[in-house]
Amino acid sequence: MKPVPFRYVRADSLEEVLDALSEHGDEAKVLAGGQSLGPLLNLRLATPAVLVDINRVPELGGAPRDEGVAVTVPAMTRQRDAERSAVLATRCPMVTQALPFVAHSTIRNRGTVGGSLAHADPAAELPTVATALDAEFTARSTRGVRVIPAADFFRSFFTSELAEDEVLVSVRFPARTSGEGTAWVEFAPRHGDFAIVGVAAKVGLDGSGVVTAARLVYSGVAETPYRATEAEEALVGQAPTPEAMVAAGAAAAAACRPPADLLGSSEYRQNLIQLLTARALQSAAESARRSE
Ligand SMILES: Cc1cc2nc3c(=O)[nH]c(=O)nc-3n(C[C@H](O)[C@H](O)[C@H](O)COP(=O)(O)OP(=O)(O)OC[C@H]3O[C@@H](n4cnc5c(N)ncnc54)[C@H](O)[C@@H]3O)c2cc1C
């Protein structure tokens, strides 16, 4: 199948992007890396009248920027460049831990960080990581600038908080603090496939090794990245023992009602939540001990 005919607008500045989106509204679609939009166009699941190509917009590109307490990643940063960024590896290691699981390197060469987030696929790695790290999204339109917390950004399956005339400009990931460790663990049929379940775990330890803060966010189990708040709260004040981690996994699985699909039943996903949570917590706790 081929896409329906569309008008192609190659924007050379952010102003041109905003003007095109303002003029065409829900008739327009932004084209970033095209790794999700391309297949949707070919299958005619997306039928925009206008495609606004943002690949040559200088204001949307560039390398991740170290701001000390956070790293700002321009929307058009290729996933592969983010994966290789020393700034992200040092300041926001969860991003670096998760990116190798996003598709294959050839897809990451074109796919962008902003495209993955704007696409809002609940099975994707980056939306889950952004939620776990309390990232902030900067969106622009001719109406102005908005900063949207990750907790409010993902609305439903493939639906973000971005309005039709808004473009995602950048995402800001808070930097890891001392005593904090992170991990990304997932289970997929084959490496590079979308995971059936993925877990982003963040653990803060005090000087005596007791958990001061925990964050557990899952991909593939709900219509947006799913946060297991009860399991997080149960971990705080405890030593991160294998028993505590297994109990956290059980609590997270019990609180969640994942959807069933061809890849697995709801119960199968709950089993994965339980298993992967313990693994992710162990890895995050080890990384927290190293960062003290
Ligand atoms: C075979 C295959 C396997 C894949 N496996 C995985 C996987 O395991 N995990 C995973 O996370 N992803 C996977 N992907 C998707 C891949 O990561 C895409 O790169 C990503 O989802 C979209 O990024 P993109 O830059 O290609 O965006 P595009 O495809 O260009 O755009 C995607 C959507 O986001 C919108 N958009 C893009 N950028 C912006 C912006 N700056 N502002 C506003 N809207 C914007 C577009 O209008 C479109 O609706 C896979 C893709 C393929 C083809």
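Given the structure is predicted, the values throughout are model-derived calculations rather than measurements. Order of appearance sets the numbers: ligands from 1, and atoms from 1 within every ligand. What's counted below: heavy atoms across the whole structure, side chains too, no hydrogens, waters or symmetry copies.
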Salt bridge [X]-[Y], side-chain N to carboxylate O under 4.0 Å:
| X | Y | result |
| --- | --- | --- |
| Arg146 | Glu161 | yes |
| Glu67 | Arg172 | yes |
| Arg108 | Asp81 | no |
| Arg289 | Glu286 | no |

So which protein heavy atom does [atom] come closest to, and at what separation?
| atom | answer |
| --- | --- |
| atom 36 (N) of ligand 1 | Ala118 CB, 3.6 Å |
| atom 6 (C) of ligand 1 | Phe194 CZ, 3.3 Å |
| atom 41 (N) of ligand 1 | Leu168 O, 3.0 Å |
| atom 21 (O) of ligand 1 | Ser36 OG, 2.8 Å |
| atom 24 (P) of ligand 1 | Gly33 N, 3.5 Å |
| atom 3 (C) of ligand 1 | Ala103 CB, 3.7 Å |
| atom 32 (C) of ligand 1 | His119 ND1, 3.9 Å |
| atom 25 (O) of ligand 1 | Thr112 OG1, 2.6 Å |

Quiz prompt | Heavy-atom pair of closest approach, residues Arg176 and Thr90 | solution =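 Closest approach of Arg176 to Thr90: NH2-O, 4.1 Å.
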Quiz item: Looking only at heavy atoms, what is the nearest atom pair of Val52 and Ala20, with distance?
Solution: CG2-CB, 3.9 Å
Looking only at distance, does [X] have an N or O less than 3.5 Å from an N or O of ligand 1?
| X | value |
| --- | --- |
| Leu31 | no |
| Gly38 | no |
| Ile54 | no |

Test item: [X] side-chain N/O and [Y] main-chain N/O as donor-acceptor pair under 3.5 Å:
| X | Y | value |
| --- | --- | --- |
| Thr47 | Arg44 | no |
| Glu232 | Leu216 | yes |
| Asp53 | Ala32 | no |

Proximity winner for [atom], if only heavy atoms of [options] are counted:
| atom | options | result |
| --- | --- | --- |
| atom 46 (C) of ligand 1 | Leu21, Val113, Val30, Val169 | Val30 |
| atom 17 (O) of ligand 1 | Glu125, Gln35, Glu164, Gln79 | Gln79 |
| atom 28 (P) of ligand 1 | Gly34, Pro48, Gly115, Ala124 | Gly34 |
| atom 52 (C) of ligand 1 | Ile107, Leu37, Asn109 | Ile107 |

Within a distance under 4.0 Å of any heavy atom of [X], pick out the atoms of ligand 1 and give their elements.
| X | answer |
| --- | --- |
| Leu162 | 43 (C) |
| Asp193 | 8 (O) |
| Ala75 | 41 (N) |
| Gly111 | 19 (O), 25 (O), 26 (O) |
| Lys29 | 47 (O), 49 (O) |
| Phe101 | 8 (O) |
| Gly192 | 5 (N), 8 (O) |

Quiz item: Parallel under 30°, tilted from 30 to 60°, perpendicular over 60°: which one fits the rings of His191 and Phe101?
Solution: tilted
Looking only at side chains, do [X] and [Y] share a donor and an acceptor under 3.5 Å apart?
| X | Y | value |
| --- | --- | --- |
| Thr182 | Gln97 | yes |
| Thr112 | Gln79 | no |
| Tyr218 | Thr277 | yes |

Quiz item: Any chance the rings of Tyr226 and Phe154 have centres within less than 6.0 Å?
Solution: no
Quiz item: Among the heavy atoms of Leu126, does any lie under 4.0 Å from an atom of ligand 1?
Solution: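 Outside the 4.0 Å threshold, so no.
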Quiz item: Heavy atom of Ser116 under 4.0 Å from ligand 1?
Solution: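 Yes, that is the case, since the closest heavy atom of the residue is under 4.0 Å from the ligand.
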